[in-house]
Amino acid sequence: MSDPENPAQQPAAQPRICAYCNRRAVAADWHPFCSKGCADRDLLHWLGESYALPADSPLDSEGDEG
C-alpha cells in the first residue's frame, strides 16, 4: 500500500497529451494544451466556427409564421 505522504511511493502519473496537436504536454500552465500557441489555435477554430456541436433539430423560427 502506498504512503500518501511519500511521493516516491505514489504511482507514476500518465503523461499529458495536448488536445490540439497530440504532442506531450510538459507544463501544466496550458492544460489541456502543450503551449499557448496550441490553446490560441484551438480558440481560433471555435471563433471561426470550424468546430460545431451537433444538433438534433433545426432551430425554430417563431417570428416567421405571420
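Remember, it's a predicted structure, so these values are computed and weren't measured experimentally. The first residue in the sequence is number 1, and the count goes up from there.
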Q: Other than Leu43, what residues sit in its cluster of Ile, Leu, Val, Met, Phe, Trp and Tyr side chains whose heavy atoms are under 4.5 Å apart, directly or through others?
A: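 ILVMFWY cluster around Leu43 also holds Leu47.
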Q: In terms of relative ring orientation, are Tyr51 and His45 parallel, tilted or perpendicular, with 30° and 60° separating the classes?
A: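 Parallel.
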Q: With sequence neighbours left out, which residue pairs that include part of residues 35-50 fulfil the salt bridge (charged side-chain N to carboxylate O under 4.0 Å, His left out) condition?
A: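 Qualifying pairs: Lys36-Asp40.
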Q: Please tabulate, for the side chains in residues 21-33, all donor-acceptor contacts under 3.5 angstrom to protein atoms that are two or more places apart in sequence or on a different chain.
A:
none

